[in-house]
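Below is one structure, written out as structure tokens; the observations come after it.
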Amino acid sequence: PTNNSAEARAPPPFDLKAYISRYESQSETALQRLLFLAHHFHTEAGGNNTSAITGEAFEMAVAQIKSTGNYRRYLEEYGAVETSPDNASTTNADQSPELTSPLRKNSVAGDQHPLSKNIIQYYIEYDPNFAPISKIEAQNQLDTLEGRLSTAQSHIMKESIRTALLALAEFHKKRGELREALRRVFRSREYCTSGRQHTQVCLLLAELSADLREWGSVRESITRAEHTVMGDIDDRLFHHKLRALQGLASLAEGRYYDAAKSFTSVSSDLTNEINSVISAEDIAMYGSLLGLATFDRETLHSLVIDGAFKSRLELVPDMREALRHYSRAEYGQCLSILQHTLKRDLLIDIHLHSHVPVLLDMVRDKCIEQYFQPYSSASLEKMGSVFGCTLKEMEMVVVKLIGNGSLGEGARVNIADFTLRVESGDSLDKKTRRRARVAAAKMGAHFTRSAEGMIMRAACIENCVTIQGEKQRRGGRARVGRPQMQEDDPEMVVDDDPEVEKSAGPIEMDGSDSDEDVMEIENPNEF
């Protein structure tokens with residue numbers, strides 16, 4: 001343990017009911033989170049032991065599944081396979097598929113609990129009657145709703161058609177048939193006649209796409225809503241709901257800065273109005289953590305710590321404490337709270353858990369940069385004790401920061417005494433001046449060579465001297481008026497290079513001087 005361990009308290013026991021009460025009852029988000037928590041805590045228990053939280057989460061999930069008739073998700077969790085005598089694409093409503101029983105608990109030798117996908121069977125007994133009965137009831141409800149849609153279409157009543165399509169979408173959504181629900185909602189767009197109806201449809205499309213984890217569709221729905229919805233919008237928080245969904249899409253795609261900007265721009269008046277996808281506590285946690293990882297100090301204070309987002313920090317007191325320590329330059333305490341108190345809550349979040357290691361590393365690197373900024377030299381051992389890591393770990397982190405230029409120009413690690421040093425301003429100025437002198441010297445040498453080459457070329461032209469390669473001399477006919485150099489001329493001096501010959505003196509011309517008598521020198525610097 002580090003000297004900051006006393007600052008960070010252990011997280012309190014996890015209250016599943018309080019956690020899941022943040023979200024809309026019987027929503028797809030609530031079900032997905034319950035199942036995610038069940039699998040997470042079972043894995044945390046080691047697989048061979050049961051977890052009380054896992055059992056409670058499975059009980060609540062099964063209760064929601066049975067109340068909504070979501071038999072497909074029930075079969076999926078238990079590992080039961082749904083088969084039909086015909087191809088799935090040709091199965092009609094009159095054909096009842098045969099449901100195979102999943103693996104029973106007593107069939108596992110030694111009563112072991114392996115880490116598998118279908119762990120629910122070790123906590124709750126499989127009900128073989130639920131799926132067939134629920135399927136029949138669902139088919140009856142579907143026939144009723146389809147009948148209402150057919151009636152509305154026969155009377156060509158746009159409002160009735162829209163209402164019937166949305167009712168079908170809600171029916172499919174409760175049963176976990178999200179793609180079919182998305183198709184029904186998309187069709188209802190054609191029958192919207194007011195801004196309020198357009199806002200409802202756009203939000204439903206974005207929410208369903210978020211539940212499906214199709215973030216490209218989420219962004220497309222948001223863009224369409226921002227450009228098409230106008231006029232009589234009753235929902236004053238409509239655009240803030242879109243920003244929350246946009247933040248989720250940016251987070252899932254790893255665009256952390258954009259996600260932080262989206263979450264911190266959501267009005268504090270938006271609380272549980274969109275808890276079918278994201279709760280007010282989620283917005284507070286996402287916005288503050290992403291802002292801490294990506295914003296500079298000035299932006300963090302203006303948007304998160306001292307801005308309008310400040311009121312949301314009351315929902316996440318531990319994160320508020322971490323931000324307070326960061327603003328006071330108490331970086332060790334800030335990281336200690338993140339690592340020991342908040343990390344569990346971050347890892348059990350269905351949207352955030354896969355990004356936690358990257359975000360915590362970003363916060364740590366940022367704290368190290370801020371810590372070292374006023375110093376010219378610092379001990380790696382002392383820095384390790386402040387940030388809660390060993391000397392070797394601190395050395396690796398510092399080397400990485402030096403490599404990407406985060407610690408500024410001239411930062412170096414002295415392995416002899418394990419110190420991080422940065423060169424003074426005078427030393428950096430000397431290096432800058434030295435580089436400028438070297439560049440000027442190179443430029444002068446290049447100018448000198450170019451000038452000598454031009455002078456040599458002018459002298460050759462003035463004395464009617466031409467230089468010709470061996471291949472040009474042997475091949476073809478000479479130009480008119482151009483003197484040909486003979487190899488047996490006693491006044492001809494042959495250079496060491498067999499390809500180039502030079503004349504020992506001027507060659508007398510027959511008086512016909514013209515521009516064609518001069519051959520350009522391709523590289524005057526050779527002479």
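All of these numbers come straight from a predicted model, not from anything done at the bench. Values reported hereafter were calculated over all heavy atoms of this structure, with side chains retained and with hydrogens, waters and symmetry mates removed.
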Q | Verdict with supporting geometry, Val398 and Phe372, side chain to side chain contact (heavy atoms under 4.5 Å, CB included) | A | CA-CA 10 Å; Val398 168; Phe372 184 70; over 6 Å; no

Please check this pair: side chain of [X] against backbone of [Y], looking for a donor-acceptor N/O pair closer than 3.5 Å.
X      : Y      : answer
Thr341 : Leu338 : no
Arg312 : Ser267 : yes
Ser302 : Glu298 : yes
Ser134 : Ala131 : no
Glu273 : Leu270 : no
Ser250 : Gly247 : no

Q. Does Phe130 have any ring pair (Phe, Tyr, Trp, His ring centres under 6.0 Å) partners at least two apart in sequence or in another chain, and if so, which?
A.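 Phe130: ring pair (Phe, Tyr, Trp, His ring centres under 6.0 Å) contacts with Tyr74.
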
Q. Per the side-chain contact (heavy atoms from CB on, under 4.5 Å) rule, which among Leu359, Leu323, Leu360 passes with Leu292?
A.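 The residue from Leu359, Leu323, Leu360 that satisfies side-chain contact (heavy atoms from CB on, under 4.5 Å) with Leu292 turns out to be Leu323.
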
Please name the pair of heavy atoms, one in [X] and one in [Y], separated by the smallest distance, quoted to 0.1 Å.
X      : Y      : result
Ile337 : Asp318 : CG2-O, 3.7 Å
Tyr123 : Ser51  : OH-N, 3.2 Å
Leu245 : Val218 : O-CG1, 3.9 Å
Ser188 : Val201 : OG-CG2, 3.7 Å
Arg344 : Pro13  : NH1-C, 4.0 Å
Met383 : Ala378 : SD-CB, 3.9 Å

Do [X] and [Y] come close enough that some side-chain heavy atom pair is under 4.5 Å?
X      : Y      : value
Thr68  : Leu31  : no
Tyr78  : Glu125 : no
Phe387 : Val397 : no
Ile368 : Met394 : yes
Ile120 : Tyr126 : no
Phe447 : Met443 : no

Q. Where do Glu44 and Thr54 land on the side chain to side chain contact (heavy atoms under 4.5 Å, CB included) test, with the steps shown first?
A. CA-CA 10 Å; Glu44 194 177 66; Thr54 299; over 6 Å; no

Q. For Lys382, does the NZ atom have more than 12 heavy-atom neighbours from other residues, nucleotides or ligands under 6.0 Å away?
A.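 Check fails, neighbour count at 12 or below.
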
(Q) If you count every heavy atom of other residues, nucleotides or ligands that lies below 6.0 Å from Glu381 atom CD, does the total exceed 12? (A) no

Q: Output the distance between atom NE2 (His198) and atom CD (Gln200), rounded to the nearest 0.5 Å.
A: 11.5 Å

Below 30° counts as parallel, above 60° as perpendicular, anything between as tilted: where do the rings of [X] and [Y] land?
X      : Y      : value
Tyr256 : His355 : perpendicular
Tyr331 : Tyr326 : perpendicular
His353 : Phe36  : tilted

Check [Y] with [X], please: is the shortest side-chain N to carboxylate O separation under 4.0 Å?
X      : Y      : value
Arg73  : Glu77  : no
Glu180 : Arg184 : yes
Glu253 : Arg255 : yes
Glu170 : Lys173 : no
Asp361 : Arg364 : yes

Q: Run the numbers on Glu220 and Arg224 for salt bridge (charged side-chain N to carboxylate O under 4.0 Å, His left out), then give the verdict.
A: CA-CA 6 Å; Glu220 181 181 350; Arg224 185 185 297 112; 3.0 Å; yes

Please tabulate, one pair per line, all N/O donor-acceptor pairs under 3.5 Å involving side-chain atoms of residues 277-290, not counting sequence neighbours.
{"from": "Ser279", "atom 1": "OG", "to": "Asp282", "atom 2": "N", "distance (Å)": "3.2"}
{"from": "Ser279", "atom 1": "OG", "to": "Asp282", "atom 2": "OD2", "distance (Å)": "3.1"}
{"from": "Asp282", "atom 1": "OD1", "to": "Tyr23", "atom 2": "OH", "distance (Å)": "3.2"}
{"from": "Asp282", "atom 1": "OD2", "to": "Tyr23", "atom 2": "OH", "distance (Å)": "2.7"}
{"from": "Asp282", "atom 1": "OD2", "to": "Arg33", "atom 2": "NH2", "distance (Å)": "3.3"}
{"from": "Asp282", "atom 1": "OD2", "to": "Ser279", "atom 2": "N", "distance (Å)": "3.3"}
{"from": "Tyr286", "atom 1": "OH", "to": "Asp349", "atom 2": "OD1", "distance (Å)": "2.5"}
{"from": "Tyr286", "atom 1": "OH", "to": "Asp349", "atom 2": "OD2", "distance (Å)": "2.8"}
{"from": "Ser288", "atom 1": "OG", "to": "Ala284", "atom 2": "O", "distance (Å)": "2.7"}
{"from": "Ser288", "atom 1": "OG", "to": "Met285", "atom 2": "O", "distance (Å)": "3.2"}

Q. Which is it for Glu226 and Phe238 under the side chain to side chain contact (heavy atoms under 4.5 Å, CB included) test, yes or no, and what are the steps along the way?
A. CA-CA 10 Å; Glu226 291 175 341; Phe238 172 70; over 6 Å; no

**Q.** Intermediate values then yes/no, side chain to side chain contact (heavy atoms under 4.5 Å, CB included), His240 and Asp269
**A.** CA-CA 9 Å; His240 295 282; Asp269 295 333; over 6 Å; no

Output a table of donor-acceptor pairs, distance under 3.5 Å, between side-chain atoms of residues 203-213 and any protein atom two or more places apart or on a different chain; print 'none' if there are none.
{"from": "Glu207", "atom 1": "OE1", "to": "Ser276", "atom 2": "OG", "distance (Å)": "3.3"}
{"from": "Ser209", "atom 1": "OG", "to": "Leu205", "atom 2": "O", "distance (Å)": "2.9"}
{"from": "Asp211", "atom 1": "OD1", "to": "Thr29", "atom 2": "OG1", "distance (Å)": "3.3"}
{"from": "Arg213", "atom 1": "NH1", "to": "Gln32", "atom 2": "OE1", "distance (Å)": "3.3"}
{"from": "Arg213", "atom 1": "NH1", "to": "Ala210", "atom 2": "O", "distance (Å)": "2.8"}
{"from": "Arg213", "atom 1": "NH1", "to": "Asp211", "atom 2": "O", "distance (Å)": "3.4"}
{"from": "Arg213", "atom 1": "NH2", "to": "Gln32", "atom 2": "OE1", "distance (Å)": "2.9"}

Under the side chain to side chain donor-acceptor pair (under 3.5 Å) rule, collect the residues that match up with [X], sequence neighbours excluded.
X      : value
Asp296 : Thr299
Arg22  : none
Arg320 : Glu314

